[in-house]
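Remember, it's a predicted structure, so these values are computed and weren't measured experimentally. The sequence lines fix the lettering, A, B, ..., with proteins before strands; numbering per chain opens at 1.
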Protein chains: 2
Amino acid sequence: MKHKKNKYVDILKEVNLRPTRQRVVLVSNIFNSGNRHIKAEKLHEEVLFSGEKVSLATVYNTLNNLTNAGLLRQVKVNSNQNYFDTNTSAHHHFFDEVNHSLIDIPHDKIKLKGIPKPPINKKISDVEIIISIKNK
Amino acid sequence: MKHKKNKYVDILKEVNLRPTRQRVVLVSNIFNSGNRHIKAEKLHEEVLFSGEKVSLATVYNTLNNLTNAGLLRQVKVNSNQNYFDTNTSAHHHFFDEVNHSLIDIPHDKIKLKGIPKPPINKKISDVEIIISIKNK
DNA sequence: ATAGCTGCAAATGCTTTGCAAGGCC
DNA sequence: GGCCTTGCAAAGCATTTGCAGCTAT
């Protein structure tokens with residue numbers, strides 16, 4: 001059949017990214033299993049392991065493309081490595097300092113009060129709470 | 001006089017770091033003017049500009065030493081560059097995405113409610129709120 | 001004297017980029 | 001066909017490290 005539906009192809013088309021083999025492979029890996037926190041290197045390994053060939057550069061490019069398209073969100077933990085989150089809605093994170101992993105905290109779990117006004121001519125683009133954790 | 005008091009030498013001695021010329025230069029630059037947010041490269045420039053010679057590697061080493069000693073604190077914004085904060089007590093930050101600068105938010109300004117329990121065998125080591133801002 | 005520190009240059013780790021070859025519409 | 005995308009290798013950037021020489025105690 002000509003019009004076989006492919007969810008992942010559609011995702012890409014919707015944001016005007018050509019559904020190339022590589023991008024479809026990446027997108028299906030990224031979005032086929034609930035919310036995830038993604039590191040480029042890790043994603044690359046997974047994809048290679050699954051038998052598909054995609055270069056690391058393309059992984060980076062695609063993650064950036066998807067982020068610009070609003071399909072991913074960069075988490076602002078400082079660990080010299082970028083984390084991309086498939087959950088693009090507002091929420092917070094535990095950051096495990098030992099194994100450098102992220103755990104979601106639902107947005108409404110934490111109540112914030114007293115967020116100060118930003119400086120003149122600036123507007124708030126993001127409010128992020130990072131709760132760092134380590135072993136007891 | 002033998003026992004000339006030097007505040008910055010004392011700071012170093014207290015944390016068991018030898019008060020070498022380079023470290024004294026750095027420490028005095030860092031702590032002589034209220035709370036600051038420091039980038040290694042910037043600090044290096046400032047010190048060179050003031051006429052003192054210190055290598056960039058030593059700037060990095062010293063910033064790390066001071067951080068381990070508890071005199072500085074690393075801020076966890078994700079900007080591919082480490083920020084060290086002279087204010088080591090709990091407080092939060094605006095992060096200006098345009099000029100990559102930090103602005104302090106006093107700790108008690110923002111009230112947090114509902115911080116979730118960390119996973120088993122983990123304890124919270126830090127709670128940090130980063131409010132990203134950009135131009136209107 | 002000697003343990004610790006510095007500075008250079010090289011190495012590292014993550015990420016981006018230039019460009020020729022290839023693939024999608 | 002034409003434009004976008006890929007992949008490689010090289011470059012980029014912030015940071016760390018190895019090591020020989022120097023310095024504080």
Go through the side-chain N and O atoms of R23(A) and N61(A) and say whether any donor and acceptor fall under 3.5 Å apart. no
Atom pair distance, as rounded to whole Å: NE2 in H44(B) and P in dC13(D): 17 Å
Are H37(A) and N87(A) close enough that a side-chain donor and a side-chain acceptor fall under 3.5 Å? no
Using the test side chain to side chain donor-acceptor pair (under 3.5 Å), find all partners of S55(B) that sit at least two apart in sequence or belong to another chain. T58(B)
I'd like to know if the side chain of R73(B) and the backbone of A90(B) have a donor-acceptor N/O pair within less than 3.5 Å. no
Chain B vs DNA chain C, heavy-atom contacts under 4.0 Å, first-to-last nucleotide span, 5' to 3', is dA3(C) to dC8(C)
Which residues satisfy the side chain to side chain donor-acceptor pair (under 3.5 Å) test with Q81(B), sequence neighbours excluded? none
So does E45(B) pair up with K39(B), basic N to acidic O under 4.0 Å? no
May I have the step-by-step check of side chain to side chain contact (heavy atoms under 4.5 Å, CB included) for L63(A) and L72(A), ending in yes or no? CA-CA 8 Å; L63(A) 285 173; L72(A) 293 177; 3.6 Å; yes
Let me know the distance between CD of Q22(A) and C1' of dC4(D), rounded to the nearest Å. 12 Å
Can you find a side-chain donor-acceptor pair between H93(A) and D85(A) that sits under 3.5 Å? yes
Side chains of H92(B) and D104(B) only: does a donor on one sit below 3.5 Å from an acceptor on the other? no
Summary of protein contacts for nucleotides 15-25 of chain D, nucleotide by nucleotide, where a base hit scores B, a sugar-phosphate-only hit scores S (4.0 Å, heavy atoms): BBB-----BBS
Give every donor-acceptor pair under 3.5 Å between a side-chain atom in residues 129-136 of chain A and any protein atom, sequence neighbours left out.
| unit_1 | atom_1 | unit_2 | atom_2 | d |
| --- | --- | --- | --- | --- |
| N135(A) | OD1 | K122(B) | NZ | 2.6 |

Divergence of helical axes at both termini of the helix from dA1(C)-dT25(D) to dC25(C)-dG1(D) - five pairs an end, 10° steps: 30°
